[in-house]
Amino acid sequence: MRKFLASKWAKVVVFVLSLGPLLFLMWRAVQGDLTANPVEFLNHQTGDWALRFLVFTLCITPFRKIFDLPELIRFRRMLGLFAFFYVCLHFLTYLGPDQNFDLKGMWKDVAKIPYITVGFTAFVLLIPLAITSTAGWIRRLGGKRWQALHRAVYACAALGAVHYYWRVKSDIRKPVFYGALVAILLVWRMGTRLLKKRAPVVARTSPVQTS
Ligand code: HEM
């Protein structure tokens with residue numbers, strides 16, 4: 001498993017799997033099978049996949065630690081960029097067929113409709129994260145500042161879940177499920193950070209260190 005995860009093929013497999021939802025939608029489009037309301041269908045599918053990819057990205061760190069698979073880090077950037085890619089498609093299905101690329105109309109919605117305000121905020125927050133996801137930007141910003149900036153991905157995922165929750169009219173199970181996943185991942189991350197901060201104090205006061 002580890003050998004495979006460290007190989008270049010693993011990245012190819014993850015890339016192709018991540019393109020799967022897009023290929024599936026393209027296949028359905030070619031078949032003329034995008035339901036009676038293709039725009040709504042595409043908007044919902046791309047929104048769902050954007051949120052899923054945000055959750056996949058957030059799962060990388062806990063999975064690395066829990067399953068002792070440090071190699072998983074190789075896929076985090078790619079999954080994050082796929083989340084951004086599906087958000088862009090989702091946004092375009094709204095701005096294009098829904099708003100006829102009318103930016104004024106879009107701003108009206110952003111200002112008036114709470115679920116659009118929240119979705120748009122998450123989208124805007126993701127832009128600097130996508131831009132600074134390269135090794136060059138890690139060097140330029142420095143590891144600590146880069147990490148602090150990229151913690152905003154938790155906010156994006158949480159806003160994505162709230163956006164979904166406010167959109168649905170009756171069945172709230174799916175947005176609540178995503179919201180709970182994001183909350184668990186955030187609590188896990190905060191817990192491990194707290195333990196890490198306290199670790200040197202414990203080490204300093206431990207008999208092994210002081211003797
Ligand atoms: C991180 C950013 C975003 C995420 C994760 C996200 C996710 C979602 C999800 C999961 C849905 C529901 C899909 C379903 O019902 O199966 C949705 C619906 C929708 N989103 Fe987003 N979204 C984001 C940003 C945006 C932005 C920027 C806009 C437009 C400015 C937008 C406009 C919409 C619209 C119009 C709907 C469908 C509403 C309806 O049919 O009633 N979203 N989004």
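Order of appearance sets the numbers: ligands from 1, and atoms from 1 within every ligand. When a residue number appears, it is its place in the shown sequence, counting from 1. Computation of the quantities below employed the complete heavy-atom set of this structure, encompassing side-chain atoms and omitting hydrogens, waters and symmetry-equivalent molecules.
Here the side chains of Leu54 and Tyr178 are not in contact, with every heavy-atom distance at 4.5 Å or above. Proximity of Gln99 to Lys108: side-chain heavy atoms (C-beta onward) are nowhere separated by under 4.5 Å. Put simply, the side chain of Phe91 reaches to within 4.5 Å of the side chain of Met106, judged on heavy atoms. Leu25 has its side chain within reach of Thr46: a pair of non-hydrogen atoms, C-beta onward, lies under 4.5 Å apart. Between Asp48 and Tyr86, every side-chain heavy-atom pair lies at or beyond the 4.5 Å cut-off.
Arg74 contributes a side-chain N or O that, together with a main-chain N or O of Ser7, makes up a donor-acceptor pair within less than 3.5 Å.
Atom CZ of Phe85 is surrounded by more than 12 heavy atoms from other residues, nucleotides or ligands within 6.0 Å. A 6.0 Å sphere centred on CZ of Arg173 holds no more than 12 heavy atoms belonging to other residues, nucleotides or ligands.
Note: no N/O pair closer than 3.5 Å links Lys174 and ligand 1 by distance alone. When only interatomic distances are considered, the shortest N/O to N/O separation between Glu40 and ligand 1 does not fall below 3.5 Å. By the 3.5 Å distance cut-off applied to N or O atoms, Tyr94 is not counted among the residues near ligand 1.
Atom 11 (C) of ligand 1 has as its closest protein heavy atom Tyr164 CD2, 4.1 Å. Nearest protein heavy-atom neighbour of atom 26 (C) of ligand 1: Gly119 C, 3.9 Å. Nearest to atom 1 (C) of ligand 1 among the protein's heavy atoms is Ala122 CB, 3.5 Å. Nearest protein neighbour of atom 8 (C) of ligand 1, counting heavy atoms only, is His163 CD2, 3.4 Å. Looking only at heavy atoms of the protein, atom 40 (O) of ligand 1 is closest to His44 NE2, 2.8 Å. Nearest protein neighbour of atom 34 (C) of ligand 1, counting heavy atoms only, is Asn43 OD1, 3.6 Å.
Only the side chain of Val87 comes within contact range of ligand 1, with a heavy atom under 4.0 Å; no backbone atom does. Heavy atoms of Met106 found under 4.0 angstrom from ligand 1: none, in either backbone or side chain. Under 4.0 Å from ligand 1, the heavy atoms of Tyr115 that appear belong solely to its side chain. Of the heavy atoms in His90, only side-chain atoms (C-beta onward) come closer than 4.0 Å to ligand 1. Of all the heavy atoms of Asp109, none lies under 4.0 Å from any atom of ligand 1, so neither backbone nor side chain is involved.
Distances below 4.0 Å separate heavy atoms of Asp48 from the following atoms of ligand 1: 10 (C), 13 (C), 14 (C), 16 (O). The distance from ligand 1 to the heavy atoms of Gly47 drops below 4.0 Å at these ligand atoms: 7 (C), 8 (C), 9 (C), 10 (C). Near Phe91, meaning under 4.0 Å from one of its heavy atoms, ligand 1 places the atoms 27 (C), 29 (C), 30 (C). Ligand 1 places these atoms under 4.0 Å from at least one heavy atom of Phe123: 27 (C). Near Phe120, meaning under 4.0 Å from any of its heavy atoms, are these atoms of ligand 1: 27 (C). Residue Ile116 has at least one heavy-atom neighbour below 4.0 Å for each of these atoms of ligand 1: 30 (C).
Distance check: Phe63 CZ to Leu69 CG gives 10.5 Å after rounding to the nearest 0.5 Å.
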Audit row: Trp107, Phe120, ring-ring contact (aromatic ring centres under 6.0 Å, His included) steps and yes/no: CA-CA 10 Å; Trp107 282 118; Phe120 192 75; 5.3 Å; yes
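Linking ILVMFWY side-chain heavy atoms closer than 4.5 Å, directly or via other members, places Ile116 and Val118 in a single hydrophobic cluster.
Taking the six-membered ring for Trp and the full ring otherwise, Phe82 and Phe15 have centroids separated by under 6.0 Å.
Of all heavy-atom pairs between Val87 and Phe123, the closest is CG1-CD1, 3.2 Å.
For atom 18 (C) of ligand 1, the nearest non-hydrogen atom from the set Arg167, Gln45, Lys169 belongs to Arg167.
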